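Here is the structure we will look at.
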Amino acid sequence: MSEAHFLERWHKERDLYRAWATFVREEIERDLVRLQPELNLDAFVKIAAVPRLKTDDSLLGKAFYRGKPYEDPYVDIEDKVGLRFVVLLTEDIRKLQTVIEASTHWTWSLDRDFEAERDAKPLEFVYQSKHFVLKAKQDTATGGVVVPIGTPCEVQLRTLLQHAHSELTHDNIYKREPGSTVTKRVERTVAKSMALIEAVDDYFVVALRELESATEVERAALATLTEAYTKYVGPLTGVDKSNALVLHAFKPALTADLRDRLESFFMKHEFVPGHVRARAPTQYIFRQPWVLLAYLLVHEAPRSTAARWPLTPEEIKPIYVDLAKPFPAR
Amino acid sequence: MELMNLQVQDVILHEVFKRGNDQAIVRPEYGAETEDLTAEALDALRDRVVAAMTSSTRCVLMSITKSSPESMVSRVAALISGDAALYQRESCGVADKLADEQKFRNIPGGVVVIFRGTAGAPARRLVGIIKAEVHNGFMREKEQDGKATLKFLKSLMLTAQTKLYKIGLFVETAPDHADLAQRWSPYIYDENLTVANRYEAAKYFYDGFLGLGFPESSARQTRQFHEHTKTFIQSMNVPEEEKVVLHNALVTYLKADQTPTVGIASFAESYFGDVDVQEAYSAHMIAQGFPEVPVNKDLRDLDSALRLRRLNFHNKVKVSGPAAEFEKLVKIELIDGDPDAAGVPSKWTRLTIKDRISGQD
């Protein structure tokens, strides 16, 4: 196959590859959320996964000039289109991996697996990433085209730190250009930074665990409130930071019987969900799950609730009016 | 009073003027129809009403003393279910009545705001009558060229400044009762209500205008307030000296304080610093059946209890003295006494009575 032929085919099929990569991304993201409904995708994926097509020059270089023994370079080069998911922790990568391996839309192969490489060479600290190649299992209609069976897409999974390391060393070590020399000292430094990255990942996980256990009460309460909001008021549009502030301020009140207290409160105060619903479109506090806790606490302990209220009085005053409780002067 | 989920409808305004130089009634200016208020404005009005009616000292349950066809409660009964025309007409009658009852030129004019609605669960119908004095203020306004200017507003009313309005609220607590005086529970809010002037300056509003008086049960409820509060103080987990201070405070609150009412919130906020104690006190009083709304302070049943302050000791010693000045006459301290068998000092009380003995039995 000549370079001209190669490029001619590539230019004809580029859009199919882009469509396939877009399909893969959407499937992965959808399955992630299905697996873990409370996951905030924008926060989970640190750098947006955008389908990236190889440039003509880099394709031709790889196909014809790097001395790689391809039989059919067009088919054999499987990273003509790529996606990269960058996440915070190695355990986030495992979540992505689970989703990728479970999909029925493609066959997968793991072309680079840093975990396997670490196991095989425990004394080395080198470039780490997971590279999957996902090939369409059947002809797949998407985005107005039909992607033929077998169309490949490379998917790289990295942590932020792995990504930083990779960016630093990109063309210097990993893709060693013929003739480029990197001194032993630089290689040693790069290896040290890789070792550090692995250690930092471990610390991140430990820190996260500790954070999670420290805020377990609040998180459980938030889940209860979110559920109650959906049940009594309607769909939630978003949960912002004010929830953490409010829940933290009333931590002692977030006892195991919170759900029962909410239930019996709403049984006796049937008008409250209607008030919340009516104000939600124009007042953001009525769109937050904590607003239900605020009603419950103003009902149970109006004085101490005002005294411990972490936001401004204006935000909680309408609740005092609804429940006809005196708003204590500060 | 259960004002939870207060709904306010059919707000109508009439302006009432103070008497003319010859003491003659100036005819009110009537509003032709109910106001079309935004949700935000209605929320503000609900806020004013709830803030007033949950006031810790100036809101009080009254009893209906006048129920003739010309009385306010009769008008309230007509207002609650009248159609738009009747509602407007009856509300004008309310304005006329106020103009009539403001017999002296020192009583300022103002705007009478009348509304009807519901509150509580199950919902009870209610009629509210507000006399709002008009005051003035400034507002910042942007001109067309973007320049900010101060605009003078001459007819501000119902701002958060609670001194400038009075409210009468009739809640239909017994809808099936034939006797209007029993069917409706009347509450008033009046910042001018103090012990000194409750039978004078404030009287035209609740008595002449609204046809209300202080309930007969006031004396009994005031006594109950004293008893239940005493029980709570005694049960508190604090040193005895602190209880002595609180008992003295209770006497002061009842005898010396000029507020015309006694109530859970006002005592709690004045004398218990800790909000959790306030909450516990409030729960105790409500559990004992004391109303959440303050009650008219009436000391008739408490005279003897408040005249003498008594201290009883476990060893049968009793000390008593004039309650009003007890704090000044006697100094009380808790001291360490002789150690018990285990070597822990027992607790004794040292009384310093600031005078000589005048006689003995």
Side-chain angles (χ1 to χ4, degrees), chain A residues 232-233 249-253 255 261 264-286 291-292 294-310 312-330, chain B residues 1-8 38-40 42-59 117-124 126 128 160 162 169 171 187 189 263-270 272-283 285-286 292-294:
Chain A
Y232 293 107
V233 180
F250 295 102
K251 199 168 176 175
T255 48
R261 280 155 62 209
S264 77
F265 174 78
F266 283 111
M267 210 118 77
K268 287 187 208 120
H269 302 82
E270 287 175 339
F271 67 94
V272 168
H275 282 242
V276 175
R277 213 175 296 124
R279 290 179 189 142
T282 51
Q283 297 176 53
Y284 111 97
I285 68 160
F286 291 91
V291 75
L292 302 188
Y295 272 101
L296 177 69
L297 294 174
V298 168
H299 167 70
E300 287 179 345
R303 289 187 186 82
S304 53
T305 301
R308 298 193 176 118
W309 184 243
T312 62
E314 285 70 35
E315 273 152 328
I316 199 170
K317 212 170 165 209
I319 295 170
Y320 279 82
V321 176
D322 279 355
L323 296 179
K325 300 281 184 191
F327 189 75
R330 288 221 169 181
Chain B
M1 165 187 31
E2 195 51 280
L3 270 194
M4 198 169 66
N5 192 22
L6 172 66
Q7 302 291 325
V8 169
T38 63
E40 202 181 354
L42 271 177
D43 270 351
L45 184 59
R46 289 170 63 227
D47 173 42
R48 301 290 184 271
V49 174
V50 170
M53 303 320 277
T54 56
S55 148
S56 62
T57 56
R58 296 293 198 267
C59 168
T118 57
R124 298 284 185 217
L126 55 84
T162 53
L169 193 70
V171 183
Y187 296 85
Y189 164 81
I264 302 170
S266 68
F267 186 76
E269 280 155 25
S270 309
F272 299 127
D274 187 319
V275 284
D276 290 323
V277 177
Q278 294 180 3
E279 217 83 78
Y281 170 66
S282 167
M285 295 300 278
I286 291 166
E292 281 184 73
V293 186

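Being a predicted model, the structure only gives us computed values, none of them experimental. Letters go in sequence order (proteins before strands), and every chain restarts at 1.
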- Message: So B/V275 and A/R308, do their side chains get closer than 4.5 Å, heavy atoms only?
- Response: yes
- Query: So what's closer than 4.5 Å to chain A heavy atoms on B/Q7: side chain, backbone, both or neither?
  - Reply: side chain
- Answer whether the closest heavy-atom distance between the side chains of B/N5 and A/H269 falls below 4.5 Å. no
- For A/K317, is it the side chain, the backbone, both or neither that has a heavy atom under 4.5 Å from a heavy atom of chain B? side chain
- Task: May I have the step-by-step check of side chain to side chain contact (heavy atoms under 4.5 Å, CB included) for B/E40 and A/T282, ending in yes or no?
- Result: CA-CA 11 Å; B/E40 202 181 354; A/T282 51; over 6 Å; no
- So, the part of B/A265 with a heavy atom under 4.5 Å from chain A: the answer is both
- What residue, out of A/A278, A/G274, A/P302, has the most heavy-atom pairs lying under 4.5 Å from chain B? A/P302
- Task: To the nearest 0.5 Å, tell me how far B/L6 CG sits from A/L323 CG.
- Result: 12.0 Å
- State whether the number of non-hydrogen atoms from other residues, nucleotides or ligands found under 6.0 Å of A/Q283 atom CD is greater than 12. yes
- Item | Check: A/S304 main-chain N/O paired with B/E279 side-chain donor or acceptor under 3.5 Å | yes
- Message: Tell me the closest heavy-atom pair linking A/D322 and B/R46, and the distance in Å.
- Response: OD1-NH2, 2.6 Å
